[in-house]
Each structure stands twice: as C-alpha cells, then as structure tokens.
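Just so it is clear, the structure is predicted and the values come from calculations on it, not from any experiment.
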Amino acid sequence: MTVLKTSMRNFFAHKGRMALSAVAVLLSVAFVCGTLVFTDTMNTTFDKLFAATSSDVTVSPKAAKSDNTPQNGRPDSLPASVLERAKKAQGVKYAEGAVSSMNVTVVNSANKNMGSSTGAPTIAGNWTRNDLRSMEITSGHAPRGPTETMVDADTADKHHLKLGDELRTIAVTGDFKARIVGIATFKVTNPGAAVVYFDTATAQRELLGTTGRFTHINLSTATGVTNDTLKQNVISSIGAGAYKVQTQKEYSDENRSGVGSFMDVIKYAMLGFAGIAFLVGIFLIINTFSMLVAQRTREIGLMRAIGSSRKQVNRSVLVEATLLGFFGSILGVGAGVGLAVGLMKLMSAAGMDLSTRDLTVKATTPVIGLVLGVVVTVLAAYLPARRAGKVSPMAALRDAGTPADGKAGLVRGIIGLVLTGAGTFALFTAAGADKASDGSLVLGAGVVLTLIGFVIIGPLLAGGVVRVISAVLLRFFGPVGRMAERNALRNPRRTGATGAALMIGLALVACLSVVGSSMVASATDELDKTVGTDFIIQGNQRIVPQAAKAIETTPGLEHVTHYRDIEAKIVAPDGSSDSDGVTAADPTYAQDLHRKTTAGELTAAYGKDSMSVGSKFATNHHVNLGDTLTVAFKGGSTAKLKVAAITDDNVAIDQGARYLSTETMRKYLPADRIPPDQIMFASAKNGQEKQAYAALKKSMEQYPQYQVRDQSDYKQELKDQIGQLLNMVYGLLALAIVVAVLGVINTLALSVVERTREIGLMRAIGMSRRQLRRMIRLESVVIALFGALLGLGLGMGWGATAQKLLALEGLKVLEIPWPTIIGVFIGSAFVGLFAALIPAFRAGRMNVLNAIATD
C-alpha cells in the first residue's frame, strides 16, 4: 500500500513531465484503435449491403466469378428455362431473372464518366423486385422501355444528374443511350458504386448481347420455409451440379471474402505503422523514466535506507508506468474512435460513401488498445525500474545521480556490434541472392538485425557522430556551441536513445525513397531501351470493340497492335504444366516492344501454330527451341504449338509472357470467347507524331475510361503512381516521426530540470537568456541530426539491398534520391529547432537565485 501511495504521489507530482510520454501512448493506441474501428466499420457497411442485396436463394452459372467480369467481357449467363424450372420448386414465393454487369462505363452527354473515382464498380442491370430490399424509388419511375434508365441517388447527387438527362452506356456488346426516368435511393450505405437500371429486355440485349438469358436468378422463400430447405428443393428442381445454388448467407459470404481480403491488407498495413509508432514511443518512455529515476536518486536512496527493498522500488516505478499507460490508453481509445470517424469523412469526401450510422466499435477494440498501451509502457519502463532497484542506499545518498555501469556498457556494446555485424552480413547475402523470393527473407532478417544493432550501439556512436556534426555546425557559435556539444555528449545513452527514436522513422523513409526512385529509374530506362511504340492506350477495363475500332480508324497511324491476355493451360513435353495463360498479339508487337531472345527469333513466334516462351519457363519445364507444347484454351480447343523463340526474362515489362499471333488465337478460340484487348499500341507515320497524338486523343474522347499516352506521358504516370504511394506511406510514417519529436522535447525538458542548478550558475556568471536558449536549441539540433544521419545511412543501405533483389525482376537501376535525402536531413535540423522551443523558453525564464539554490 505504501508503494502504491508513493507511486501515485510521484506520478501526479511529475504529471507535467509525464504528459509527453502519455501523448506518445495516446497517439499509438489511437492509431491502433482507429484502424480497427475503421476496418470493422467498412466490413459492417459491406456486410449490410451484401445482406440487403442478396435474395433468399440465388442461382447463377457454375463458372460465374464474384467480380462478374469474365475473360470475354460478357457476364456468364444461364438460359431462361432454368428460371421456369426453379419456379416449380416447392417453397418458392416468387422467382425472377436478373441481369447484372460490372464491365460497363456510363457517361453523360458531355462524355464524362459517371463512375466512382475511388475504384468502386459501375453496375448495370435490370430493375427487379429483389432490388426493393435495398433501394426505393424516390423520384420518377422504373425503366419501361429501351430508351429509359434509372440511376442511384448518390450518383445523381455527385454528378448533378436529373430526370430527363441522357446517359450513354458503353458495354462490350456496343453503346446505347437512354434518358433518366427514375432515381432510386439506397436504404443501406452504398460505399461508392454507381448503379444504373434498365428494363429486363434492354438489359439482356445490350449487356449480354442476346435475349432469353440471365446472369442469375433470385428466389424468395414462402412462409415457413428456410433458405436451406429452399436451396435443396431448387437443386432437385433444376438438377444438381449444373448451376451454383447459394443461400443468402453463402452468397453474401462469397462477396464478402473478396472485400475482406482487401480490408485485411489495409488493416495490417496500418497496424504495421502503428507498431512502428509504438516502437518509437518505447524510446521516449525509457528516456523519460531513466531521467526521472536519475533525478530522484536521493529520494530512492532514502527509501532504501529506511527499509524499502529493491522489489518495492522497482514496483514503485512500474506502478507509475502502469498509470501512465492506463491514462494514455484510455485517452487513446477515445481518440481512435475520433480518428476512425475522421477517416470515414475523408473517404466520403474522396467518393467512397461511409455513414457514421454504421460506426462499429467492437468490445475487443478498447480492450486491445488498453492492454497494448499498458503492456508496452510497462515493458519500456522495466529497464529504468530495474536500474532504480539496483541503486544502493549509501551510493544514492552520496551521489546526485545514478552511477554508470561500465561493465553493462561494455556488454551492451559487444552485443550491439555482433548484431550489427550479423545484420550487415545478412544484407550482403541478400544482395547476392539468385532468387528474389529467397533474398527477401534474408533482407528482412538483415533489416531487423541492423536496426536493433544500431539502437544498441547508439550510445557508442553518439560520441563520434556528435563530435563530427558539432565540428561542422556548432563551431560557428563559439562557446555556446561548444557547451551544446558537451551537453549532447554528457549522457551518450540518453542521446543515443533519443536519436534512435528519430532514426527508425527516417530509416524507413530513406529506404522507401531509394526503392521508389530506383523503380521509376529502372522502368524509365527499360522503356527507353525496349518500347518502340509511339502511343499506349489502356484503362481500368478491357478495351471494348467499338473503342478499338475508333483507334484503328484514327488518321496518321502507321500501325495499330492488339494485345490480349488469354486464359490457357500449357503442358510441356515432360508432362509438367501451368495455367498462367498466353499473350495474343499482332506481329507488329515485335516492333512495339523490343524483346531479347535467348534462342530463335521473336518474329517467328507470330507464325502459324507457333509461339514463344520465357527463359524461366523454358528452364523450369525443360523446353527447347522447336519443342511442341500442348495449349488448352479456356472456352476453346486444344492446340499443338511449336516453340519458335525463347525470350529473355531478365526484364520488368512482360516478364514471363508467352507470345502467339492473333490469328493463331482465332483459330482455336470461338469468336464469342475472344476477349477484348487488354491494351493497345499505335505508332504514327514518320513525321506525323504530333498530329497522330492529337487525333488519337480526339478519337478516344467518347471513351473516357481509356487513356492515350505517349512515352513521356507513360513515364510521368508511372512516376506519379509511385509518388502517390510513397506519399501515403510517408504520411503514415509521420506518426512515428511525431512521436520521435515528442521524445526530443521530453528529453530536453527533463534535461533542463536536471540541470537547473547548472543553468542558474551559468546565468550568474554572465550567460544571457538568449545564449541559454540558443545552447538548448543547438543541443536539440545536434541530437536530431545525429538520429537523421544514422537513419538515412541505414535506410539507404536497406534500399540499396532491396534494389539488388528488384534487379532480379528486371529493375536494374539503383538511384539514390539525393534531393529527398538532403531535404530530409535539413528538415531534421528544423525538427530539432521546433522540439527545443518550449524547453528553451522555460529555461530562459528560470529565476537565477532559485535555480542556484536548487538541490
């Protein structure tokens, strides 16, 4: 009880000093809880949507995909006769045929895409009774003929659509126009999909290219009949195994699985960054308690002298840590819910509608946040607590601070050097790996070992690195600069721990910068060397035939190349096989992309019943030039094709592609199974590049879902995409850097308190307030630059090793983004200045006489 009272007294006596550590715990817990609440809310939103849109029992084609986009661009369908048989099943209240396609684009009269900008699909289909489960018509009426359509209210609001507006729907079967006659509002949250409805006959004709077929059948159960019972009755009625029959729960679970896997990626990625913030926060907490223990040495000595045991002293510090973790975690849980709401508002502003009505805070979320925050805080405080417990009563009463343990420092240095050496060896081993998959595991081990090693030997490195930084930077500030240097060197362990917190975040920033820049440089280099085409046309969907025709008829083009990925199973002469498919292209593709061959000529692969394979496939399956492969085309026949070329797979573009001609594909694949182009290439007539580029842009104005790019556009697009990804990662890493800045502030603030008497004496012998504040700011800058130097150096080493592995996948250029690295280093100095503002201000306001009298 006495220990608890002492701990409570000390905690509240130093609540100002604990505040920044509590903020670090708060931020880290908030990030964890915010991530869990956000992803749980997303899952709840989709669960409600799938449950509301699913019928009691659904019948669909056996091969139907959950994303509704098969190879040929037309949804898989079943005949209307299945509907008639399903209606006769016992327990059916009503049955109806439904048509739905996600492989469509809807544009307004100005050819502006009405789809979501967040990647959510555009869904076109017929209006059914089942849709009344999730929607209600709030304006106008349902479509009744081929020239009428209805849209969802969210899409109408976003794009300012109203009754009477004309929309054009672009499908693989052709384009068709219709006027809006109705607007339907979702009863549940729609995460962003754009939905358009037509009457059944129009939907069949325009989306499926035929009448008398449906993509699925909706069945409703009669009173007293369960979904499982109706499912079995339907199977008996239409025949077992011919079609996929699912209950509402099974259908919802299938759709949810795709969304769930995507949400898991988001959740674990964000939790990973939260883990980094926790790791950085550990250093802050260790520093805080180490300095508080040092400042309370006399107090601890007195406690030991009057009978407190080591365990009681140890327990006293751990109780303080528990209180810190508890209060910080409680606030963090609340902040996490606020963060989740903020993320939802941000996503809604970006186009993905999320309603706070679906806000989901599971009972486990605050428990996880509370337990995690308290456990991490207590573990971080364990070393300072153990150090406090080891202080002898007499040594504490004699000395103003805790004596350093030379033996412990030596052991620490040896362990750190061993780990750093092992990590460096792992990085060198990874850089020399023959396979990227093997090297990535070794790279991960090297990153972890070098990071831990640098953290441990930070105090050893502090002496040398700080002196170098001081020689370059602080000498210009005379005596004040030298005093700042000595303050930073006074406690290398503290300087090392503070710098390590900043080091972690900046190491990751530097690593990702090197990897991102190297990817862009490598791809650009390969584009320059291998891509011979002038223009590249592609989008998020396959290129519909009418758009392909517009490209072909564009004036000023020398040639146009079609490029399709075809699903097929390939069997090698030794009996081994894979189902990675083939690439069907026109012979001009050999001019559009210059591929090296290890055997044969690539042009020969476009001959009759011929193809090429990649060098990795040839090696793995023992295939030689002239061998015959068995190629089973999905939805078509099986062909015997001769290997006329083996391409070098030491590339990033089309690595592993197996080429054959469009004519060979047409020979073995029925016309209705031939997929639209994945991408198309075009080259201008000599001297007409600008005119052809403008003409292509004009030709594709009616198809805004596709982009026309020349090589410079393509390179810029690649750079922008990687840049956006890196910016998002940097934003998440900013949390760790903020926590590291709090650590610098806390270290300086506690250091000022620790040196109160010293500061008073310096002021008494003539140091001005301005000089004092400058000294503290310079000390902060040196510590920040120390952490930045270690972090950037370590990160560049990681990035260079990662690039060696990427080189095995064709990304061969290593590029160090020096402007970014230098900018981050200079920015770290400003971070140090910012962190010192409050401590320096407080030091400058000290009363000289009171400071000198401080014991």
Side-chain angles (χ1 to χ4, degrees), residues 24 275-291 293-294 376-388 390 402-430 442-469 488-508 510-511 736-737 739-740 743-744 746-747 782-798 801:
I276 295 170
F278 263 119
L279 181 61
V280 173
I282 286 172
F283 291 101
L284 193 161
I285 295 165
I286 290 174
N287 258 7
T288 299
F289 279 96
S290 294
M291 297 179 75
V293 165
V376 168
T377 306
V378 171
L379 288 176
Y382 176 74
L383 288 177
R386 187 168 176 269
R387 198 175 299 135
K390 292 174 69 175
T402 304
D405 188 342
K407 183 178 179 182
L410 178 62
V411 172
R412 174 191 179 108
I414 292 173
I415 293 174
L417 289 172
V418 169
L419 289 175
T420 303
T424 304
F425 177 75
L427 293 178
F428 275 110
T429 303
V442 182
L443 171 63
V447 167
V448 172
L449 289 172
T450 51
L451 178 61
I452 297 174
F454 264 58
V455 168
I456 293 175
I457 64 172
L460 295 178
L461 296 174
V465 175
V466 167
R467 284 187 176 89
V468 171
I469 295 173
L489 291 171
R490 176 180 298 185
N491 193 325
R493 179 177 291 178
R494 184 187 305 162
T495 299
T498 307
L502 194 59
M503 175 190 77
I504 296 170
L506 296 185
L508 292 171
C511 175
I737 295 173
V739 175
V744 178
N746 214 18
T747 298
V782 167
I783 293 174
L785 290 179
F786 165 70
L789 203 59
L790 294 188
L792 294 175
L794 195 58
M796 286 191 288
W798 295 346
T801 305

inquiry  = Ile415 vs Val411, test: side-chain contact (heavy atoms from CB on, under 4.5 Å). Steps then yes/no.
reply    = CA-CA 6 Å; Ile415 293 174; Val411 172; 3.8 Å; yes

inquiry  = Thr420 vs Ile457, test: side-chain contact (heavy atoms from CB on, under 4.5 Å). Steps then yes/no.
reply    = CA-CA 9 Å; Thr420 303; Ile457 64 172; 3.8 Å; yes

key: Steps toward side-chain contact (heavy atoms from CB on, under 4.5 Å) verdict (Phe786, Leu502)   = CA-CA 9 Å; Phe786 165 70; Leu502 194 59; over 6 Å; no

inquiry  = Using side-chain contact (heavy atoms from CB on, under 4.5 Å), reason through Phe454 and Leu419 one step at a time and then give a plain yes or no.
reply    = CA-CA 8 Å; Phe454 264 58; Leu419 289 175; over 6 Å; no

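Nearest approach of Pro492 to Ala462, heavy atoms of both residues: O-CB, 4.1 Å. Closest approach of Val442 to Ala430, counting heavy atoms only: CG1-N, 3.9 Å. Scanning all heavy atoms of the two residues, the minimum distance from Ala507 to Trp798 falls at CB-CZ3, 3.7 Å. Taking each heavy atom of Ile737 and Gly505 in turn, the nearest pair found is CG1-CA, 4.4 Å. Nearest heavy atom pair, residue Gly446 against residue Ala426, reads CA-CB, 3.6 Å. Residues Ala736 and Ile276 come closest through the heavy atom pair CB-CG2, 3.7 Å.
Interatomic distance, Leu506 CG to Cys511 SG, rounded to the nearest 0.5 Å: 12.5 Å. Rounded to the nearest 0.5 Å, atoms CG (Leu383) and CD1 (Ile286) are 6.0 Å apart. Between the CE atom in Met503 and the CG atom in Leu461 there is a gap of 9.0 Å [rounded to 0.5 Å]. One finds the CD1 atom of Ile285 at 7.0 Å from the CD1 atom of Ile282 (value rounded to the nearest 0.5 Å). For the atom pair CD1 of Ile504 and CG of Leu790, the computed distance is 11.0 Å after rounding to the nearest 0.5 Å.
Side-chain contact between Leu489 and Thr495: absent, with no pair of heavy atoms (C-beta onward) separated by less than 4.5 Å.
Residue Thr450 is tested with Thr801, Val455, Thr424 for a side chain to side chain contact (heavy atoms under 4.5 Å, CB included); the sole match is Thr424.
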